[in-house]
Amino acid sequence: MAKPSSSFLREALNLFSKNPKLFSHVYLIYILSHVLLFVGFLLCITPLVSKLIELTKAKHAIIDVSSPEFTKLVNTIQAVINELLIIETIYYVFLFAISWFLSIITYYANSATYVGEMLTLKDVLNKLKGVIKGPIITTLFVVLSTLVYNIAFAVMVVAIFLYFPNISDISSWFWAILVILFASLLLVYLSIIWSMGIAISVIEPNFYGIGAISRATKLLNWKRKQVFLLTLVLIIIFGIIQVGNAILTMKLASHDSVAANWAFAFVYQILLQVLNWYSTIAITVLYYECKQNGDELEYTKLATASIA
């Protein structure tokens, strides 16, 4: 087994060089699938968005809101919005399915490369057939946990504003912002645990569902500083990407160049997928470091107990 590096973030970057052929194929599929899906999404919504803008302008031009023409226009706008929502829902369903399947491939490729196996993409796909059940069960558990977490978060925010009914009250906004900040940080931390749980269900097929999540939580206890570091790095990089996205979006809002907007959207998607891809590698390396450290400590405890 490859010796874990003292810096798992650096080791994650170096993992690519250990099997560049496999990782280049996985990365190429990872990026192309997301970009092509996003292109299809843009092609579907662009004419609808243009139509919605024209209908909205026409709506504001009508003075008599009780006229049949105005009612017909409102119904048409609603129909376009519903169509956009359907397309967006389909897009996110496909996005989730593609991202999940590719993350499973990536976790297996990461694990095999880390322990010194020189596999091809075909080898990885063949080996995944025997372990696919575990990641599916674990993912369903993660989706359910995420749903429960988001509901609890929404309830807390609503409760704060109900407790402070005056919307202009500084106290209500202070507590709301505090809860949102804490919930966001906790969600990133939980996402690392859930992601490692999915990775464990790929690497150790005997662990899946709540068992994989429990094992991930136990292993991460051995490397709390590294978990904090990974959480911090992901938040900073994601924040930089989002701030850059917001700034460029505002600048491009005054331009009618479709090509510029599309080019920016592609770059934004690629940056997000690079971050997601790197996080799967970092989590895999962190898993092996946690596992080795945990095994060493468990061995020390057993040895001490036997001597006593």
Side-chain angles (χ1 to χ4, degrees), residues 29-103 143 146-147 149-151 153-158 160-161 167-168 173 176-177 180 183-184 187 191 237-277:
I29 294 172
Y30 204 99
I31 293 298
L32 281 179
S33 59
H34 283 88
V35 168
L36 289 175
L37 179 64
F38 188 66
V39 169
F41 175 65
L42 287 179
L43 288 173
C44 290
I45 68 167
T46 298
L48 289 174
V49 170
S50 299
K51 183 178 180 181
L52 185 63
I53 293 172
E54 292 176 2
L55 290 172
T56 303
K57 290 179 180 178
K59 175 187 170 184
H60 291 311
I62 298 176
I63 300 175
D64 186 7
V65 295
S66 61
S67 64
E69 183 183 358
F70 182 83
T71 304
K72 183 181 178 180
L73 201 57
V74 169
N75 291 335
T76 305
I77 290 173
Q78 187 60 52
V80 173
I81 292 174
N82 290 339
E83 195 171 348
L84 283 169
L85 290 174
I86 292 171
I87 293 173
E88 189 172 2
T89 301
I90 294 172
Y91 167 72
Y92 281 111
V93 169
F94 274 94
L95 179 64
F96 175 80
I98 291 173
S99 298
W100 174 83
F101 182 68
L102 291 176
S103 68
V143 170
T146 306
L147 180 62
Y149 181 88
N150 288 330
I151 291 173
F153 167 69
V155 169
M156 287 181 65
V157 172
V158 170
I160 288 172
F161 284 105
I167 195 67
S168 61
W173 284 105
I177 293 172
I180 292 171
S184 300
L187 182 59
S191 297
I237 297 176
F238 182 74
I240 292 172
I241 293 174
Q242 292 303 322
V243 169
N245 175 49
I247 293 172
L248 287 175
T249 299
M250 286 188 291
K251 287 186 176 181
L252 290 173
S254 57
H255 300 280
D256 295 327
S257 175
V258 176
N261 283 281
W262 275 48
F264 167 66
F266 290 151
V267 173
Y268 175 68
Q269 282 295 315
I270 289 173
L271 288 175
L272 284 182
Q273 298 315 319
V274 169
L275 179 61
N276 291 334
W277 190 65

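Values below: all heavy atoms of this structure, side chains included; hydrogens, waters and symmetry mates excluded. The chain is numbered in sequence order, starting from 1.
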Heavy-atom side-chain proximity of [X] to [Y] below 4.5 angstrom:
X      : Y      : value
Val35  : Val39  : yes
Ser33  : Leu102 : yes
Trp277 : Ile31  : no
Ile77  : Lys51  : no
Leu187 : Phe153 : no

Between [atom1] on residue [X] and [atom2] on residue [Y], distance to nearest 0.5 Å:
X     : Y     : atom1 : atom2 : value
Leu43 : Leu48 : CG    : CG    : 11.5 Å
Tyr92 : Leu37 : OH    : CG    : 10.5 Å
Phe94 : Phe41 : CZ    : CZ    : 13.5 Å
Ile87 : Asn82 : CD1   : CG    : 11.0 Å
Thr76 : Leu52 : OG1   : CG    : 11.0 Å

More than 12 heavy atoms of other groups within 6.0 Å of Tyr149 OH: yes
Just wondering, more than 12 heavy atoms not from Glu69 lying within 6.0 Å of its CD? no
Note: Ile180 and Ser184 closest approach over all heavy atoms is O-OG, 2.7 Å
Can you confirm whether or not the ring centre of His34 sits under 6.0 Å from the ring centre of Tyr30? yes
Kindly determine whether Tyr268 and Gln273 satisfy side chain to side chain donor-acceptor pair (under 3.5 Å), including the steps that lead there. CA-CA 9 Å; Tyr268 175 68; Gln273 298 315 319; over 6 Å; no
